[in-house]
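As structure tokens, the structure follows; a few thoughts come after it.
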2 protein chains.
Amino acid sequence: MRPEAPEGTRRTAQKRAIRGALEEAGEFVSAQQLHQRLDEAGVRVGLATVYRQLAGLAAAGLADTISVASGQLYRACESAEHHHHLVCETCGKAVEIDPPETWIRTAARKHGYTVTGHILEVFGRCPECAAA
Amino acid sequence: MRPEAPEGTRRTAQKRAIRGALEEAGEFVSAQQLHQRLDEAGVRVGLATVYRQLAGLAAAGLADTISVASGQLYRACESAEHHHHLVCETCGKAVEIDPPETWIRTAARKHGYTVTGHILEVFGRCPECAAA
DNA sequence: ATGCGTGCAAACGATTTGCAGAGAA
DNA sequence: TTCTCTGCAAATCGTTTGCACGCAT
């Protein structure tokens, strides 16, 4: 027997709502924040369902996820991979930068690791602050 | 009333033990792992104390901290230099990897930024855990 | 009709906090 | 002595899970 995992097949209003809300959010949001937004939008879904769907989307590669001290955050993964920022230590301004995906994958493969995530923060000084 | 925060001043065996264990660990460890290691080493300290000290070290900039799905991890912040790891999220094993210095500098220059520092950690699953 | 997906609430595990006692200053 | 730090246990908080029912198929 091969249970095979056809998993999420049924179309339900909740699934659409959750996925829609996640995409609409655009940025990283927690399961609870998403649940709250849905609630405010008049969509009544169980918090557990939000967690389950979010976990499913992440597992299916449809959502990116990162961990912060307060919990786990999710973001629709339709667009590019998750990005990082180059933060100015003086004025706080940050610009988006692309992660060295290739480099990361290469380094991981060299050690036989499967990459599941990474954190990257670069600090420095922006042009304006450097000039001042 | 101004409680003012004179903060940690007293020297206690626990503080030394915790900080020592953290430095000895070298890599990222959770409060619980650290507590367990101390216990195995015969050092009896309360778990709450470990959490409090770790939080204090992080706040004081003496420790780096990152968040993963299973919780928060700490690492002595002495080195902080060109020394990054590829961490297995399952067994915690980590291998050292070289940072994409060139990439970082290039990305920063593209935006006119002057780099002063960076943090990079890659998470994944090691060969053994991936096989299991 | 046949389950998968959901909602609710209890269960969980990590981290925090209240309080009284121990030890550093 | 004084007051910070520690220990223990209860309290939080985010997240997961057991169950029974409703709805998509």
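By convention in this document, chain letters (A, B, ...) are assigned in the order of the sequence lines, proteins followed by strands, and residues within each chain are numbered from 1. Quick note: numbers below take in every heavy atom, side chains included, and nothing from hydrogens, waters or symmetry partners.
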Side chains of A:L22 and A:Y74, heavy atoms from C-beta outward: is any pair under 4.5 Å? yes

Shortest non-hydrogen separation from A:Q72 to B:A69 and the atoms involved: OE1-CB, 3.6 Å

Just call it for A:S70: base, sugar-phosphate, or nothing, with non-hydrogen atoms closer than 4.0 Å on any strand. sugar-phosphate

Which atom pair, heavy atoms only, marks the closest approach of B:K15 to B:R10? NZ-O, 2.9 Å

So if I define the base as every atom that isn't primed, P, OP1 or OP2, how would nucleotides 17-25 of chain C read as a B/S/- string at a heavy-atom cutoff under 4.0 Å? BB----BBS

Would you kindly give the OH-to-P distance between A:Y74 and D:dG14, to the nearest whole Å? 14 Å

What is the distance from CG of A:L54 to P of D:dG14, rounded to the nearest Å? 15 Å

Base, sugar-phosphate or nothing for A:Q32? Non-hydrogen atoms, less than 4.0 Å. base

Without decimals, in angstroms, what is the distance between B:Q33 CD and C:dG13 C1'? 14 Å

Return the set of residues passing side-chain contact (heavy atoms from CB on, under 4.5 Å) with A:Q33 (not counting sequence neighbours), or none when no residue passes. A:V29, A:S30

Return no unless some side-chain N or O of A:T49 is found under 4.0 Å from OP1 or OP2 of C:dG5. no

List in chain and number order the residues that pass side chain to side chain donor-acceptor pair (under 3.5 Å) with A:R11, two or more places apart in sequence or in another chain; answer none if no residue qualifies. none

To the nearest 0.5 Å, what is the distance between CD (A:E23) and CZ (A:R75)? 12.0 Å

Provide the closest heavy-atom pair for A:V43 versus A:A17 in the form atom of the first, atom of the second, distance. CG1-CB, 3.8 Å

Validation: residues 45-61 of chain A side-chain donor-acceptor distances under 3.5 Å, sequence neighbours left out:
{"from": "A:Y51", "atom 1": "OH", "to": "A:Q32", "atom 2": "NE2", "distance (Å)": "3.1"}

Proximity to DNA chain D (any heavy atom under 4.0 Å), residues of residues 36-47 of chain B only: B:R44, B:V45, B:G46

Based on the rotation axes of five pairs at each end, what angle does the helix from C:dA1-D:dT25 to C:dA25-D:dT1 bend through, to 10°? 30°

Nearest-angstrom distance from the residue atom CD1 of B:I18 to P of D:dC5: 12 Å

Please tell me if B:Q53 has a side-chain N or O lying less than 4.0 Å from either OP1 or OP2 of D:dT6. yes

Taking atom NE2 of B:H35 and atom CD of B:E40, what is their separation to the nearest 0.5 Å? 10.5 Å

